[in-house]
Amino acid sequence: MKAIASVPNRVVSAIRRSFRQFLALPLATVIGFVGLSALVYLADGSWSGDRAPHGFAWLGALTGDRAALGSLLATVASSIVTVTSITFSLLLLAVQQGAGALTAQVTDQFMARRTNQLYFGYFVGLSVFVLTTLVTNTDYHRPVFAAALSLLLTALALCLIIVMIYNTIDQMRPEQIIQFIHDKVLEARGTDLDVLAATRRTTRRDWADRALVRSRESGYVVGLDLARVETALERHGDVEVEVLIALGTYRAVGDPVFRLRCGPGVVLDAEAQERIAEETLAAFAYDDGRDLQTSTAYGLHQLATIAWTSVSTSKSNPNPGLTVIQALRDIIAQWSRGEIEIRGDDGARIVYGDAAPVIATDALEAVIVVASESIQSQTLTEAVATLAILLRHVEAPTAGRLADVAHRALSSLGEHVLTRQLEAALHDLASALEERGFGSVAEEVARASAALAGSLGKLNSRSTRVPGTTS
C-alpha cells in the first residue's frame, strides 16, 4: 500500500495548533494596534499646515513642534522596547525555574493562559504603534494625537508590568498550575463527547473480523473525520470500523490503528479492503504534538507527570502530588456518571471506546506507585482516602476500576510505616469496599493493614518494612 502523504497536513496542523495554543490573541492584539495607528494617523491629518483642531490647541503646545515630537517619540520607543525585552526575559526565566521545579508541562499552561497572551500582544503591539508614530512624524504630518496616545499607553504598560510580574509568579505556584490543567481537562472533555455521540461503544457480536489495519506514519493521532469514514463504509454494505486507539495516542509506523469487521454473508475482496483502509487511514489526522485544550489524555498525562516528578525522590515534594490527587478525584467524580449516561449512535459504523475515565484512574494508580518509592506516607494516605471517598458515590464501572486499583496498591504497602492517618485511611477504604460489594478486596486490605501493623515497634530497613517480604 502506498504511504499517505501527510506533510502538508502536518504543516497545517502545526499552524492551527500554534494559533490555538498561543499565537491567535497576541497577533490579533498587534493587528488591533496597527488598525489604531491607521485611525490615529487620519485624525492627526487635522494638524497639517500648522493648524490645530478646535479645542486641542493646548495639546499641540504641550507636545511641541516636529523636533520635540520626534525626540519624545524616540525616547518612548527606545524605552518601551528596552522594558519589553527585559521584562519578557525575566518572565521566561521565571517560567524556566518553574519548569525545573515541576516539569516542562509548566510551559504549556503558561502559554495557554489568555492573560499572558494579552500581555505579550499588548507590549509588542504598543512597540509597533510607537515606532509607526515615530516614522509618520514629518514636515507635513504632525502626529500630536498619536504622541499623546503613545504616552498614555506607555504609562499603562508600565503599570501592567507590576501586574504581569505578580501574575507570572502566582502562575508558577504548583496549585495554580495543576488547577489550570484540571480545568482544561474538563473543558477538553467536550471534544471526547462529540466523538462518542457519533459512534458506538461495542462491536456487533455476530460480525467477524476481516482485517487489521496498521499505521503508515508516525505521530500523535489528534483527529478523526467521522463523516469521511462513514461515507467510505456505506458503499460496502454491513461493514464497520473498530478504532483501537484513543485520540491523542502516539502511533509509530506499523502500530495497529483500527480493525475492519463485516456482517454475516458479507465478502470483502482484497481490492475493497484496500479502498476502505486507504480512505479510513486518510481520515485520521496526525500531528507532532498534542493540544492541552482539545486532548483530555494529554492533560491527564501532564497531571500524572507532575505528580510522579514531585512525589518521587528526584524532587521529594509531597505538596504538588497531594494537589494532583485532589484534582484527579474531582475529574473522576465528574466523569463517573457519564460512563453510564453517555449514549452513542446505535446506527453508526464506527466503534470507539471511551478511554478518558480509564486514563484518569490509571493516573491515580501511578501516584500510589510512586509514593512507595519515596515512602511519602501523607501522599499515600491522601490517595487511599480518595479511593474510599470515590467508592462511596461513583457509578459501577468507575467503582470496579477503583477497587482494582486498591487491590493492586496493596503490593506497595510494605515500603511504608503504618502511620495513624494511613491506618485510618486503610480502615475507611476497607469499609467503602465492603459497602460497594467488593468484599474480597476489603478483606485483603484489612489483612494487609494488619500485616503492616505487625512491623510497628520493630527496627526494619527501608526494603524490609514488613519482615519476611524481601530477602
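Hydrogens, waters and symmetry mates are skipped; everything else that's a heavy atom, side chains included, is used. These figures come from a predicted structure and were not determined experimentally.
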Test item: Arg20 side-chain N/O and Thr294 main-chain N/O as donor-acceptor pair under 3.5 Å: no

Gap separating the CG atom of Leu387 from the CD1 atom of Ile332, nearest 0.5 angstrom: 8.0 Å

Side-chain donor-acceptor contact under 3.5 Å, Arg290 with Ser295: no

Side-chain heavy-atom pair Val124, Tyr119 within 4.5 angstrom cut-off: no

Min side-chain heavy-atom separation Thr115-Gln171 under 4.5 Å: yes

Donor on one side chain, acceptor on other, Asp183 and Gln179, under 3.5 Å: yes

Carboxylate-amine/guanidinium proximity below 4.0 Å for Asp194 and Arg189: no

Euclidean distance, Asp404 CG relative to Phe438 CZ, rounded to 0.5 Å: 9.5 Å

Qualifying residue, where the test is side-chain contact (heavy atoms from CB on, under 4.5 Å) with Asp330 and the options are Leu186, Val185, Thr386: Leu186

Separation of Ile368 CD1 from Leu413 CG (nearest 0.5 Å): 9.5 Å

Atom of Val370, atom of Ala307 and distance for their closest heavy-atom approach: CG1-O, 4.5 Å

Within-4.5 Å side-chain heavy-atom neighbours: Phe284 and Val243: yes

Test: Glu278 and Arg216 ion pair at under 4.0 Å: yes

Check: Ser218 side chain, Arg251 main-chain N or O, donor-acceptor pair, under 3.5 Å: no

Residues in salt bridge (charged side-chain N to carboxylate O under 4.0 Å, His left out) contact with Arg329, at least two apart in sequence or another chain: Glu382

Verdict with supporting geometry, Asp269 and Arg275, salt bridge (charged side-chain N to carboxylate O under 4.0 Å, His left out): CA-CA 10 Å; Asp269 56 26; Arg275 286 197 301 269; 5.3 Å; no

N/O donor-acceptor pair under 3.5 Å between Ser336 side chain and Ala333 backbone: no

Donor-acceptor contact present, side-chain Arg349 to main-chain Gly237, <3.5 Å: yes

Shortest non-hydrogen contact from Glu279 toward Ala232: CG-CB, 3.4 Å

Donor-acceptor pair between Ser372 and Ser412 side chains, under 3.5 angstrom: no

Considering all heavy atoms, the nearest Asp206-Pro264 contact: O-CG, 3.6 Å

Atom of Tyr352, atom of Thr199 and distance for their closest heavy-atom approach: CB-OG1, 3.6 Å

Smallest separation among heavy atoms of Ser374 and Val311, with atom names: OG-O, 2.8 Å

Worked verdict on Arg204 versus Thr202 for side-chain hydrogen bond (donor to acceptor under 3.5 Å, both in side chains): CA-CA 7 Å; Arg204 292 183 172 89; Thr202 58; over 6 Å; no

Residues Ser449 and Glu423: side-chain donor-acceptor under 3.5 angstrom: no

Ser316 side, atom OG; Glu373 side, atom CD - distance, nearest 0.5 Å: 7.5 Å

Other residues, nucleotides, ligands: >12 heavy atoms within 6.0 Å of Arg392 CZ: yes

Plane angle bin for Tyr220 and Tyr250 - parallel if under 30°, tilted between 30 and 60°, otherwise perpendicular: perpendicular

His427, NE2: over 12 other non-hydrogen atoms inside 6.0 angstrom: no

Test item: Val213 and Thr280 side chains (from C-beta on) under 4.5 Å apart, heavy atoms: no

Short side-chain donor-acceptor distance under 3.5 Å, Thr296 and Asp192: yes

Which residues share a ring-ring contact (aromatic ring centres under 6.0 Å, His included) with Tyr122, sequence neighbours left out: Phe33

Derivation and outcome, side-chain hydrogen bond (donor to acceptor under 3.5 Å, both in side chains), residues Ser377 and Gln421: CA-CA 9 Å; Ser377 62; Gln421 291 181 338; over 6 Å; no

Within-4.5 Å side-chain heavy-atom neighbours: Ile161 and Leu158: yes

Sub-4.5 Å side-chain heavy-atom contact between Pro320 and Lys315: no

Under 3.5 Å side-chain donor-acceptor pair for Glu240 and Thr203: no

Check: Ser85 side chain, Thr82 main-chain N or O, donor-acceptor pair, under 3.5 Å: yes

Any side-chain heavy-atom pair of Leu364 and Val324 under 4.5 Å: no

Close side-chain approach of Glu444 and Arg447, heavy atoms under 4.5 Å: yes

Shortest non-hydrogen separation from Ala297 to Leu247 and the atoms involved: CB-O, 4.4 Å

Atom pair CG (Leu126) and CD1 (Ile80), whose distance is rounded to the nearest 0.5 Å: 4.5 Å

Separation of Gln176 CD from Ile169 CD1 (nearest 0.5 Å): 13.0 Å

Other residues, nucleotides, ligands: >12 heavy atoms within 6.0 Å of Arg16 CZ: no

Check: Phe123 main-chain N/O paired with Ser127 side-chain donor or acceptor under 3.5 Å: yes

Check: Cys262 main-chain N/O paired with Arg210 side-chain donor or acceptor under 3.5 Å: no

Short side-chain to backbone donor-acceptor contact, Arg228 and Ala283, under 3.5 Å: no

Presence of salt bridge, Arg17 and Asp291, under 4.0 angstrom: no

Under 3.5 Å: donor-acceptor pair, side chain of Arg343, backbone of Ile340: yes

Under 3.5 Å donor-acceptor, Arg201 side chain and Ile342 backbone: no

